[in-house]
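Read the numbers this way: they start at 1 and go in the same order the structure lists the ligands and their atoms. Heavy-atom basis, side chains included; hydrogens, waters and symmetry copies ignored. Numbers for residues simply follow the sequence, beginning at 1.
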Amino acid sequence: MHINDAVFLEDLCPKFRLRQWRKSIHRFTGKSCIYCGKPSESIDHVLPRSRGGLSTTENCVPACLSCNGDKSDENALYWYRRQKFYDPRRAMAIRAWLEGDLRLAIRLLEWANPNFKLSNQNYGKDQSKFKAA
Ligand SMILES: [Zn+2]
């Protein structure tokens, strides 16, 4: 079975799985920084690893190097509120992301950035509902 082989391969190669996971995180936002909308070049731990933050999808957001470096070990939402590019819709998106509601997070990001291109068409289907609400 090919599917079983793939799972086995991933278990053997955690690095491969990690790479796939990182790619999928960037794909959620169309490779744009969740904070400022610039191209995301890194994965930011919202709760820093130094404070016990886990490398889970809920705690990891796509970020550009500038935001990631500037934020450092600070609480992401407090840090974000002080930024010039602060957008309450993005702040809501970050909160939704942390709660594991990626669908809502992506819709909010889309709202914040009209040029946002959805790479996953399944998310696009709900768009009309969102606009009507
Ligand atoms: Zn950024």
Side-chain angles (χ1 to χ4, degrees):
M1 287 291 285
H2 287 292
I3 291 167
N4 287 340
D5 284 351
V7 171
F8 187 55
L9 178 73
E10 288 201 354
D11 284 341
L12 267 182
C13 309
K15 275 187 184 166
F16 172 78
R17 190 164 49 188
L18 185 67
R19 206 184 312 146
Q20 293 300 109
W21 172 73
R22 294 179 80 98
K23 256 193 213 168
S24 74
I25 298 256
H26 286 291
R27 214 179 295 137
F28 279 128
T29 64
K31 290 183 183 155
S32 71
C33 173
I34 199 165
Y35 302 113
C36 72
K38 286 182 193 152
S40 59
E41 300 139 326
S42 61
I43 302 267
D44 180 45
H45 283 72
V46 177
L47 179 66
R49 269 177 293 191
S50 60
R51 295 199 202 167
L54 298 174
S55 291
T56 56
T57 302
E58 291 79 15
N59 192 42
C60 292
V61 294
C64 68
L65 288 175
S66 151
C67 286
N68 199 342
D70 191 50
K71 186 197 138 247
S72 188
D73 272 7
E74 248 192 282
N75 176 302
L77 290 166
Y78 288 135
W79 168 83
Y80 183 54
R81 215 170 291 161
R82 293 199 317 269
Q83 305 309 308
K84 266 181 257 161
F85 48 79
Y86 175 81
D87 184 319
R89 293 167 296 192
R90 283 186 181 276
M92 281 162 71
I94 295 164
R95 205 162 293 148
W97 188 294
L98 298 183
E99 284 164 8
D101 195 345
L102 294 192
R103 271 173 162 270
L104 177 63
I106 286 159
R107 272 189 238 168
L108 287 162
L109 288 173
E110 199 185 11
W111 185 28
N113 178 10
N115 299 321
F116 187 81
K117 291 265 192 304
L118 285 169
S119 51
N120 186 337
Q121 290 305 311
N122 290 328
Y123 287 113
K125 284 175 191 163
D126 291 334
Q127 212 186 340
S128 54
K129 235 189 279 168
F130 178 64
K131 276 182 178 157

Peer 1: How many protein N, O or S atoms sit closer than 2.8 Å to the Zn ion (ligand 1)?
Peer 2: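 Atoms of protein N, O or S type lying less than 2.8 Å from the Zn ion (ligand 1) total 4.
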
Peer 1: Report the distance from atom CD1 of I106 to atom CZ of R27, rounding to the nearest 0.5 Å.
Peer 2: 11.5 Å

Peer 1: Please assess S55 against W21 for the test side chain to side chain donor-acceptor pair (under 3.5 Å), listing each intermediate value before the final yes or no.
Peer 2: CA-CA 10 Å; S55 291; W21 172 73; over 6 Å; no

Peer 1: Using the ring pair (Phe, Tyr, Trp, His ring centres under 6.0 Å) rule, collect all pairs that involve residues 29-71, keeping only residues at least two apart or in two chains.
Peer 2: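 Residue pairs with at least one partner in residues 29-71: Y35-W79, Y35-Y80.
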
Peer 1: Against D87, only a single residue in R89, Q83, R90 fulfils side-chain hydrogen bond (donor to acceptor under 3.5 Å, both in side chains); can you say which?
Peer 2: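 Option passing the side-chain hydrogen bond (donor to acceptor under 3.5 Å, both in side chains) with D87: R89.
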
Peer 1: Taking S72 for the side chain and G69 for the main chain, is one N or O donor matched with an acceptor at less than 3.5 Å?
Peer 2: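 Checking the backbone N and O of G69 against the side chain of S72, no donor-acceptor pair under 3.5 Å is found.
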
Peer 1: Could you tell me which non-hydrogen atom of R95 sits nearest to which non-hydrogen atom of L77, and how far apart they are?
Peer 2: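 Shortest heavy-atom contact: NE-CD1, 3.8 Å.
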
